[in-house]
Novice: 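Provided herewith is a single structure, encoded as structure tokens, for subsequent inquiry.
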2 protein chains.
Amino acid sequence: MSMMKNSGDRPICQHCHQASGHTCVARVPIFNHLDNDQMDAVTEAIRSLTYQKGDIIYRAGDPSDSLYIVNTGSVRIYRISDSGKEQVVRLLQPGDFTGEYALFSESLHESYAEANEPVTICTIRRNNLQDFLMRYPSIVLKILKTYSARLEQSEKQTTSLATESVGKRLSLYLAELAEASGSDTIRLPMNKKDLASFLGTTPETISRRLADLEAKGLIHKLDPKRFRLLDKNRLENL
Amino acid sequence: MSMMKNSGDRPICQHCHQASGHTCVARVPIFNHLDNDQMDAVTEAIRSLTYQKGDIIYRAGDPSDSLYIVNTGSVRIYRISDSGKEQVVRLLQPGDFTGEYALFSESLHESYAEANEPVTICTIRRNNLQDFLMRYPSIVLKILKTYSARLEQSEKQTTSLATESVGKRLSLYLAELAEASGSDTIRLPMNKKDLASFLGTTPETISRRLADLEAKGLIHKLDPKRFRLLDKNRLENL
DNA sequence: GTGAAAACTTGATCTGGGTCAAAGAAAAGA
DNA sequence: TCTTTTCTTTGACCCAGATCAAGTTTTCAC
């Protein structure tokens with residue numbers, strides 16, 4: 001399998017398999033440190049899928065036997081609480097993966113994964129993944145690292161919900177977006193409804209708090225989704 | 001090293017090392033499936049420590065190079081939010097472990113660990129642990145399992161904070177305690193202040209909601225810490 | 001394009017639960 | 001034991017933010 005197969009002549013992934021599979025493998029932190037032969041081996045085991053905006057990739061209660069790696073686009077992971085309300089727990093960007101819980105525990109998905117826009121996803125089955133874990137132990141440490149970072153992130157989110165005001169949570173979120181994109185002009189990666197759900201509030205309150213921040217001269221709204229951060233320092237230490 | 005070393009003649013761990021180390025190893029899910037020789041090897045690498053109530057085991061910003069396994073007693077893990085408020089993120093019971101984040105990422109602790117009562121803890125150093133991971137690959141799968149369960153738990157907690165009322169969170173917590181103890185008479189493992197922090201509320205509100213539940217005939221207060229659940233079904237589906 | 005539906009904003013109102021205060025109960029020293 | 005300190009409970013009050021409603025803008029299908 002050549003690495004250069006799809007250069008120029010066709011868009012990535014119409015009914016792609018190995019070609020975009022390899023870009024996927026090269027992109028994710030848990031595999032991208034492997035050498036070429038090893039990556040090829042992993043690529044063999046990968047199946048590539050595409051989804052349209054709104055498609056459900058898996059839902060709570062589904063049995064799971066695959067790891068899902070986002071290649072292009074973004075995927076919204078959400079849960080339904082005991083009282084039936086939906087909450088967005090994270091947004092997967094290219095290179096992020098999910099499905100691990102069920103992968104190691106042989107249990108069922110507890111959350112929903114939905115295409116937030118058109119996405120291409122690489123999947124790898126449990127058996128194959130476990131083979132690779134045995135063959136290339138360095139992958140294990142990568143996965144453990146990613147896991148602990150995710151856990152860290154999740155606990156931080158919990159603490160933020162438990163102790164900070166909506167304004168503070170929003171400000172920190174905006175600052176993080178800027179951090180991640182390396183620019184002071186940011187684009188909200190979700191609509192206000194989903195962002196509200198992620199931050200544990202309502203779309204109305206998001207609108208109001210953004211208006212407050214703009215009134216204070218901390219941000220400038222370019223359009224409903226794009227903002228320029230005018231004073232990141234003051235924003236973070238609100 | 002005999003497994004029966006300290007039967008009867010002395011309390012576990014005065015200045016114990018291997019003896020209580022072994023009980024520790026035998027107790028935690030990540031090691032307890034090893035055979036005797038392997039457990040002995042792990043036990044060799046373990047150092048046992050005791051702390052008094054209120055002692056800090058580690059604090060945010062400390063470098064970390066050990067895994068901490070609770071042998072007896074309980075340990076409160078908490079974080080300080082950006083705005084300086086403290087939040088209890090979990091309570092470690094015998095068999096639980098912590099310290100993993102820094103273990104795999106070579107970074108610093110982001111949370112605080114404090115003895116909630118007198119505790120004995122077994123520690124194992126990064127290098128030793130990584131040796132065992134290579135020698136006994138079954139440990140890796142156990143750790144991954146534990147991790148994903150913890151992540152699951154943490155995301156559930158996040159969703160609960162984001163979408164449920166205090167009353168509901170409290171009810172679910174009580175039901176979980178009963179579940180875990182296998183009895184309808186439960187004992188709160190923390191004082192109200194810490195429980196409030198864990199559930200993202202205040203001690204006053206905890207008192208009030210418990211009073212509400214009692215008024216509705218769902219629980220009966222035995223003393224400030226102990227309750228009998230009278231109608232678990234109605235409690236969970238409040 | 002044009003129309004319909006979805007998303008967003010702003011206003012008015014209401015309430016869960018936080019805050020402050022003070023009394024009562026347990027726990028810990030001494 | 002008694003005393004001091006720490007927890008817990010209850011009351012009064014208040015506010016951040018939810019909810020409801022109505023208008024506005026954006027998006028998307030045709």
Side-chain angles (χ1 to χ4, degrees), chain A residues 52-55 76 81 83-88 114-118 160-171 173 187-216 219-227 238, chain B residues 52-55 76 81 83-88 114-118 160-171 173 187-216 219-227 238:
Chain A
Q52 294 311 307
K53 177 173 179 162
D55 287 354
R76 194 156 43 90
S81 72
S83 54
K85 268 177 264 173
E86 168 182 325
Q87 203 234 352
V88 176
E114 182 180 327
N116 190 47
E117 54 191 308
S160 173
L161 278 167
T163 65
E164 314 279 22
S165 68
V166 172
K168 180 92 193 191
R169 275 176 277 162
L170 178 58
S171 301
Y173 178 75
R187 183 169 199 295
L188 302 181
M190 324 176 231
N191 62 28
K192 297 260 161 78
K193 180 164 149 286
D194 290 331
L195 180 56
S197 162
F198 181 67
L199 295 177
T201 181
T202 60
E204 293 95 326
T205 298
I206 295 277
S207 271
R208 285 185 237 273
R209 291 296 165 276
L210 283 172
D212 291 352
L213 291 176
E214 184 153 32
K216 285 193 206 155
I219 65 177
H220 176 62
K221 189 208 286 188
L222 303 171
D223 67 56
K225 284 241 157 47
R226 287 156 32 81
F227 294 82
L238 197 67
Chain B
Q52 293 312 307
K53 177 174 181 162
D55 287 355
R76 195 155 42 90
S81 72
S83 54
K85 267 177 262 171
E86 167 181 325
Q87 203 235 349
V88 176
E114 183 180 325
N116 190 48
E117 55 191 308
S160 173
L161 279 166
T163 65
E164 313 280 21
S165 69
V166 173
K168 181 92 191 188
R169 275 177 275 160
L170 178 59
S171 301
Y173 178 75
R187 183 170 199 295
L188 302 181
M190 323 177 233
N191 61 27
K192 298 260 161 80
K193 179 164 150 284
D194 290 332
L195 179 56
S197 161
F198 181 67
L199 294 177
T201 181
T202 59
E204 292 95 328
T205 297
I206 295 278
S207 271
R208 286 185 237 273
R209 292 297 166 274
L210 283 172
D212 291 353
L213 291 175
E214 185 154 31
K216 285 192 206 154
I219 65 177
H220 175 61
K221 189 207 285 187
L222 303 171
D223 67 57
K225 285 240 156 50
R226 287 156 30 82
F227 294 84
L238 198 67

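Just so we're on the same page: letters track the sequence lines, and every chain starts at 1.
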Novice: Working to the nearest 0.5 Å, report the span between CD of B:E114 and CG of B:D55.
Specialist: 8.5 Å
Novice: In whole Å, what is the span from the CZ atom of A:R169 to the P atom of D:dA16?
Specialist: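 Roughly 14 Å, once rounded to whole Å.
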Novice: Using modelled atom types only, decide if a donor and an acceptor are shared between the side chain of A:N116 and the backbone of A:P189 within a distance under 3.5 Å.
Specialist: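 Yes; judged by distance alone, with no hydrogens or angles, the pair exists.
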Novice: Is the phosphate of D:dA16, meaning OP1 or OP2, less than 4.0 Å from a side-chain N or O of A:R209?
Specialist: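 Result: no.
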Novice: Can you pull out every salt bridge (charged side-chain N to carboxylate O under 4.0 Å, His left out) where at least one residue sits in residues 207-216 of chain A? Sequence neighbours excluded, please.
Specialist: A:R209-A:D212
Novice: Could you tell me from which nucleotide to which nucleotide of DNA chain C, 5' to 3', there is an atom under 4.0 Å from chain B heavy atoms?
Specialist: C:dG17 to C:dC20
Novice: Can you run down the side-chain hydrogen bond (donor to acceptor under 3.5 Å, both in side chains) pairs that involve residues 187-199 of chain A, sequence neighbours left out, and say none if there aren't any?
Specialist: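 Passing the test, one end in residues 187-199 of chain A: A:R76-A:D194.
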Novice: Take the protein atom CE of B:M190 and the nucleotide atom C1' of D:dT6, then report the distance between them rounded to whole Å.
Specialist: 18 Å
Novice: Sequence neighbours excluded and cut-off under 3.5 Å, please list the side-chain donor-acceptor pairs for residues 198-207 of chain B, or say none.
Specialist:
unit_1, atom_1, unit_2, atom_2, d
B:T202, OG1, B:T205, N, 3.3
B:T202, OG1, B:T205, OG1, 3.1

Novice: Applying ring-ring contact (aromatic ring centres under 6.0 Å, His included), can you list everything that pairs with B:F227, at least two apart in sequence or on another chain?
Specialist: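 By the ring-ring contact (aromatic ring centres under 6.0 Å, His included) rule, B:F227 matches no residue at all.
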Novice: Applying a 4.0 Å non-hydrogen cut-off, can you work out what B:K168 is touching in the nucleic acid: base, sugar-phosphate, or nothing?
Specialist: nothing
Novice: For the pair B:E164 (side chain) and A:S81 (backbone), establish whether a donor and an acceptor sit closer than 3.5 Å, ignoring hydrogens and angles.
Specialist: no
Novice: Keeping B:K85 on the side-chain end and A:T163 on the backbone end, is there a donor-acceptor pair under 3.5 Å?
Specialist: yes
Novice: Just the table, please: protein N/O against nucleotides 9-14 of chain D N/O, every pair under 3.5 Å.
Specialist:
unit_1, atom_1, unit_2, atom_2, d
D:dT9, OP1, B:K192, NZ, 3.3
D:dT9, OP1, B:K221, NZ, 2.9
D:dT9, OP2, B:K192, NZ, 2.5
D:dT9, OP2, B:S207, OG, 2.4
D:dT9, O5', B:S207, OG, 3.3
D:dG11, N7, B:R208, NH1, 3.1
D:dG11, O6, B:R208, NH2, 3.2
D:dA12, N6, B:R208, NH2, 3.4

Novice: Starting at CG of A:L199 and ending at C1' of D:dA16, how long is that distance when rounded to a whole Å?
Specialist: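 To the nearest whole Å, that distance equals 16 Å.
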